[in-house]
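A note on names: the letters A, B, ... follow the listed sequences, proteins ahead of strands, and every chain is numbered from 1.
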2 protein chains.
Amino acid sequence: MASIKEIAEMSGVAKSTVSRYLNQGSVSEKTAERIEKVIKKTGYSPNQFAQSLKAKKTKIIGVIIPRLNSNAMSETLLGIDDVLQMNGFQMIISNTNQNIDREIESIYSLAKQKVSGIILAATVITDKHKRAFDEISIPMVVIGQQVPGVPSVIHDDYQAGYCLGNYIFQRGHRFVTYLGIPETDISVGIKRKQGVIRASGEYENIVLNIEETSFSSQDAVIMAKKILAGKNQPTAIIAATDNIAVGVLKACCLLDIKVPEQLSIVGVGGDKITDLVYPGITTIKFFFREAGGTAAKSLLKLLEHEQTQEVIVSPYELIERFSVDKPQQKK
Amino acid sequence: MASIKEIAEMSGVAKSTVSRYLNQGSVSEKTAERIEKVIKKTGYSPNQFAQSLKAKKTKIIGVIIPRLNSNAMSETLLGIDDVLQMNGFQMIISNTNQNIDREIESIYSLAKQKVSGIILAATVITDKHKRAFDEISIPMVVIGQQVPGVPSVIHDDYQAGYCLGNYIFQRGHRFVTYLGIPETDISVGIKRKQGVIRASGEYENIVLNIEETSFSSQDAVIMAKKILAGKNQPTAIIAATDNIAVGVLKACCLLDIKVPEQLSIVGVGGDKITDLVYPGITTIKFFFREAGGTAAKSLLKLLEHEQTQEVIVSPYELIERFSVDKPQQKK
DNA sequence: TTGTACGCGTTATCAT
DNA sequence: ATGATAACGCGTACAA
């Protein structure tokens, strides 16, 4: 691969002239032409290492994610990539496999690589995270979690829970189970649950049982079976995620429980799977792709030293399908 | 961030000594100690650009993928990332959004970035691809497609189709529809179909209708409705992908067709969704994650100038669930 | 407008 | 074992 020096020699000018041609462009038309021709002929393109070495910067954004194989993550990445690519930035992905130590490592590692910014999709932010943020002084945006002092793009988990709760209680359900996940995950584990609980407080005579499972649909199937086998069967189950909701539905099929006649089900996420099962599951749709794009834009603004909102709440939308009905008369 | 020069000064030795300490290590114990202490204290770590500038190489592997939001891709990436990370390599993802021109661009772009290898997950390889392969002389592995002269990791699409065909025909189905996708995609569009066709040739009196749809489940629902509404209703549908199979199942639910009593369904891929719908769909499981790992290993071997198999066929496995039965008596 | 010369942080060569 | 020095390819301050 040719270097700028060779281009210079071939065009009969100095390196710096070529460099100027490439960057600011204050060169005479004649030389510009000559240089252009040579560049075309050789297919020259600047060595990015040398450039970065000089500039102490790259056009690379690091994205740290807890896992790769989830719909939410794919969509988020897509959104980030969209706007990054549009602005001439590369995206480099650091998958931590839910290992929180590797999250920290990744931060430092990306810093070493002199990425010009970092987008962190975290489930929880510890003190170690915060220390890392401070040490490396690289613009950063967090997505999916609110961190004081760091621009964050979040989904409205609390409102989503509240909305679903209302949706179910309004239709007359009084024996309801919330099937959530552990509180180690703030957004999903805590906020959504709290939203539902708050809604439950606004109605009379509600019996809200709270159970826990994992993100895995299979686990949800097992858990749902237990819940539905008991004698205090709920008339509705509010699932913390679409995957869990689908697991619940599967359990119903297995136990020959009719949905929505005998049991209503709702989920959160807007995963397309909710539209593929039968009946389609009512869910709260989050706009992961858009949120990813928003995060990326926010970060790019930061790089330009522009102001950014500290926390941006991504919208949500209730998608009504066919998994909810009024409770049957019984007892 | 400290440079090697500063480390040298602080330890009272020359730059070259520090460099030697960092790399080969032929230094006296005493100086080694001194240097170590300084490095610890400053938290020094080499500037990767300067290193790359010298070495004309990186420890980065470029991965080009057609889309980000598919289960197969996520798993494949996961597998690639696994072994890359284990060997101290970074992965940089180039998502082309199914745009074939961007695939070519990505190849050149990655070459410019001096990645030390490229893994290409392509749906089809054109002459432009081949030219790009030749021009940049960077080790490369293709996954999901067989390319003469380039090490390839492929799934056994033909055998998968053949296996599924046999599975269906053996159980007595004679009126069967294959719901595939256009032939622009070689593996999925052509090979799987051919496998099914070959199997159909080994039985008597088979009526095999071949229809086409897209990768989208929604499209599959529509197409399946059409097929099932006609008067020559098949007793089984072989879907080219799990997504399509799920779409067919949804159509059945909508039309009140019992699966598997009235219609048998099979898919290909091993997507976990096949286990979440009801009834679970019989499918051919491909090992995407393992295949990704294999591709990465293969590439790393190439970097070491070791021999590699030209084409590695990833195994598959038939997963029997509950979507297939013998055809009902009728006519 | 153009050219000269230096520095970015490393590694490698060659003396010492 | 260690140190001085050149070279990697680029950008830029400065001089011409």
Of the nucleotides [options], which one has an atom closest to the side chain of [X]?
X	options	answer
A:R20	C:dC8, C:dT11, C:dT2	C:dT2
B:L53	D:dG3, C:dT10, D:dG9	D:dG9
A:S19	C:dT2, C:dG3, D:dT12	D:dT12
A:T17	C:dG3, D:dC10, D:dT2	C:dG3
B:Q51	C:dT11, C:dG9, D:dG11	C:dT11

[X] [atom1] - [N] [atom2] separation (whole Å):
X	N	atom1	atom2	answer
B:K5	C:dT11	NZ	C1'	16 Å
B:K56	C:dA12	NZ	P	13 Å
A:L22	D:dC10	CG	C1'	10 Å
A:I4	D:dG11	CD1	C1'	8 Å
B:I7	C:dT10	CD1	C1'	13 Å
A:N23	D:dT12	CG	P	6 Å
B:K114	D:dC10	NZ	C1'	13 Å
B:E6	C:dG7	CD	P	15 Å

Is the shortest side-chain N/O distance from [X] to OP1 or OP2 of [N] below 4.0 Å?
X	N	result
A:Y21	D:dC10	no
B:S28	D:dT2	yes
A:N47	D:dC8	no
A:S3	D:dC8	no

Side chain to side chain contact (heavy atoms under 4.5 Å, CB included) assessment of B:T184 paired with B:T123: CA-CA 8 Å; B:T184 42; B:T123 53; over 6 Å; no

Sugar-phosphate only, base, or nothing, as touched by B:T31 at under 4.0 Å among non-hydrogen atoms: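 Sugar-phosphate, no base atom in range.
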
Determine whether a donor-acceptor pair (one donor, one acceptor, N or O, separation below 3.5 Å) exists between the side chain of [X] and the base of [N].
X	N	value
B:K15	C:dT10	yes
A:S16	C:dT4	yes
B:K54	D:dA7	yes

Full working for side chain to side chain donor-acceptor pair (under 3.5 Å) between B:S187 and B:Q145: CA-CA 7 Å; B:S187 302; B:Q145 206 72 203; 3.2 Å; yes

Side-chain donor/acceptor of B:R102 to backbone N/O of B:N95, under 3.5 Å: yes

